[in-house]
Amino acid sequence: MHVPLTVNDFLDRAATVYPQRTAVVDEPDQPAAPLGPWTYEQLAGAARSQAAALDRLGVGVGARVAIVSHNSARLLTSFFGVSGSGRVLVPVNFRLAPAEVEYIVGHSGSEVLLVDPELTGLLDTVKAEHTFVLGECDDEFFSGRDAGRPWEGDETATATINYTSGTTARPKGVQLTHRNIWINAATFALHVTLSDRDVLLHTLPMFHANGWGMPYALTGVGGRHIVLRKVDGAEVLRRVEEHGVTVMCGAPAVLAMVLDAAATWDGPIPGRDRVRVIVAGAPPPTRTIERIETELGWEFIQIYGLTETSPLLTVNRRRQEWDDLDPSTRARKLGSAGAPALGVTIRTDESGEVLARSNVVLESYWEQPAESAQALEGGWFHTGDGGSFENGYLTISDRKKDVIISGGENVSSIEVEDALASHPHVREVAVVGTPDEKWGEAVTALIVTDGTPLTADDVIAHCRERLAGYKCPKRVEFRDELPRTATGKLQKFKLRADFWQGQDRPIQG
Ligand code: AMP
């Protein structure tokens, strides 16, 4: 028998098996009135009514629905209400500048745009056929009173398009199918042993690779979602205590914030011997891994993957053989990206690039056939990361693509260079990632002017008008010239080398 794998499986199961259980506790401190707490029956009802609202608007199967929102119960619902009714959800990074959101809404051809009330300024410039402010359309979208037309389900249909900054000046839309999402959620749940006892604190933005798939996986096992709108170390500890949190995901920067807050926390650390933290986005320093175990008493799990791979490719979790090791030796073992997840094959090519084959690999980039063919050349997904794969474990050692990862979010160097080069007095520019205690890497611009004196503030202000704040340079240095090859190609590795000397971390921009 062949039954299509769709996102509905996760919510249908929870609504059948755990109808009266609390499914989601919304963020209490947000500009729209918080929803719920909702049981799984209510969450399923809200998703059905969102589908009914789309029916009424005449939004057809396959049409795109963009949502720009901080973490919220409304966004969580949309993963099911939109995709589960055969439409395509486009979760957009809420930190982007209006022009960037406008590009994504236009490029994806989104017919509907749902916007967080804090971001209504966006609506001055960004237009879709139907636009709504979240919180003002609850009665229409999330009432739970009506149900949309049922969708027969197609596992090869696109469920979400996730725009990600990569190696091109514009972000690319990663098309994930229901099947990609299903398999990622199931293998993720297996490797981190999710169960109906789990309480997940949403420390990861849900727009980022669909919160790595946790909205689906945790729902499928009947766990509880605790929404967190803004990450703050002490607030994370408070919520862990208040809600009995057992699991969370995040970039190393999130953990650094929690460790800082723990240093001045009054009383025992909440969640000791209970919480597991799943970390990805950049290799966390070994010392951080050790401190999570010794100072917080939380289990550290590292995963590696990309938006393009749904994302789970490898997982590094304490294995039985490591139980008797001392914490610092164990932290070193946990410092690598990990072993292939079930159903993933990893290898490296002659140049050291990490390649992967799996059912979690994207279908294609939205309307970018050349980029898609390149990424999937030879039947392998090309990650753009450099590394080695030995004894079943993958180590990421450098990045072959021109991407900076700051606080877990990708920044395309080319995109920032483009924005800076549009300044009338900037003659040449190179943007590289340099080591940064808090963010892992800091966006750093090296600039040659046309002779007109410029300050770092001038340059940053120019960038802020065009790009999201987190993409704008944190450091700016002025140079007389930039190193180039005989053929005029920028030698970025030379620029980076000065900054990365003596660092124990492997990523060099
Ligand atoms: P994104 O698509 O935004 O999730 O970014 C994916 C990129 O993050 C990968 O290509 C890697 O460069 C980086 N990354 C993710 N997880 C890890 C990890 N565990 N170690 C090193 N780099 C990572």
Side-chain angles (χ1 to χ4, degrees), residues 22-31 34 36-37 69-73 75-76 93-95 116 118 188 192 194 197-215 217-218 223-282 284-285 287-303 331 334 406-409 436-440 470:
T22 302
V24 52
V25 178
D26 204 0
E27 167 66 48
D29 184 17
Q30 56 166 311
S69 172
H70 293 69
N71 284 351
S72 69
L75 175 51
L76 179 69
N93 181 344
F94 56 81
R95 292 201 196 91
D116 187 280
E118 201 176 294
F188 216 134
V192 303
L194 281 189
R197 288 161 206 268
D198 271 314
V199 178
L200 174 87
L201 182 64
H202 281 273
T203 40
L204 183 75
M206 292 184 202
F207 72 77
H208 191 144
N210 303 329
W212 298 348
M214 283 294 159
L218 187 79
R224 180 174 301 175
H225 298 268
I226 309 295
V227 174
L228 182 71
R229 189 174 161 92
K230 287 190 177 138
V231 175
D232 167 87
E235 192 54 32
V236 168
L237 291 173
R238 268 194 292 279
R239 303 260 179 123
V240 167
E241 186 160 63
E242 183 186 345
H243 297 285
V245 168
T246 61
V247 62
M248 66 181 89
C249 305
V254 172
L255 284 172
M257 284 185 216
V258 175
L259 284 168
D260 278 354
T264 54
W265 183 259
D266 211 8
I269 297 296
R272 186 170 276 280
D273 298 326
R274 183 183 74 214
V275 168
R276 47 210 199 285
V277 281
I278 310 164
V279 178
R287 178 83 191 114
T288 305
I289 301 176
E290 185 180 343
R291 288 180 63 202
I292 288 163
E293 184 178 329
T294 54
E295 292 174 28
L296 302 179
W298 295 1
E299 185 187 351
F300 171 91
I301 302 172
Q302 179 166 185
I303 67 140
L334 289 166
S406 192
E409 289 304 321
D436 185 272
E437 262 304 303
K438 184 164 180 201
W439 302 112
Y470 72 92

Quick check against the 3.5 Å criterion: does Asp260 have a side-chain atom that pairs as donor or acceptor with the backbone of Gly233? no

I'd like to know if the side chain of Asp26 reaches the main chain of Val227, judged simply by a donor and an acceptor atom lying under 3.5 Å from each other, with no hydrogens or angles considered. no

What I'd like to find out is whether the side chain of Glu290 reaches to under 4.5 Å of the side chain of Arg287, using heavy atoms alone. yes

Are Met248 and Leu255 packed together at the side-chain level, in the sense that at least one heavy-atom pair is separated by less than 4.5 angstrom? no

Would a 4.5 Å heavy-atom cut-off, applied to side chains only, mark Thr246 and Arg276 as touching? yes

Would you indicate whether the side-chain heavy atoms of Leu296 and Val258 approach each other to under 4.5 Å? yes

Let me know which of Leu201, Val254, Ile278 forms a side chain to side chain contact (heavy atoms under 4.5 Å, CB included) with Cys249. Ile278

Look only at the side chain of Asp198 and the backbone of Gly223, and say whether a donor-acceptor pair between them is shorter than 3.5 Å. no

Min side-chain heavy-atom separation Val247-Met214 under 4.5 Å: no

Quick one: are Phe188 and Leu194 in side-chain contact, heavy atoms under 4.5 Å? no

Do Phe300 and Arg291 come within less than 4.5 Å of each other through their side chains, counting heavy atoms only? no

Answer yes or no: is there an ion pair linking Arg238 with Glu235, defined by an N-O contact shorter than 4.0 Å? yes

Checking Glu27 side chain against Ser72 main chain: does a donor-acceptor pair fall under 3.5 Å? no

Would you check if the side chain of Arg272 reaches a backbone N or O of Glu295 as a donor-acceptor pair within less than 3.5 Å? yes

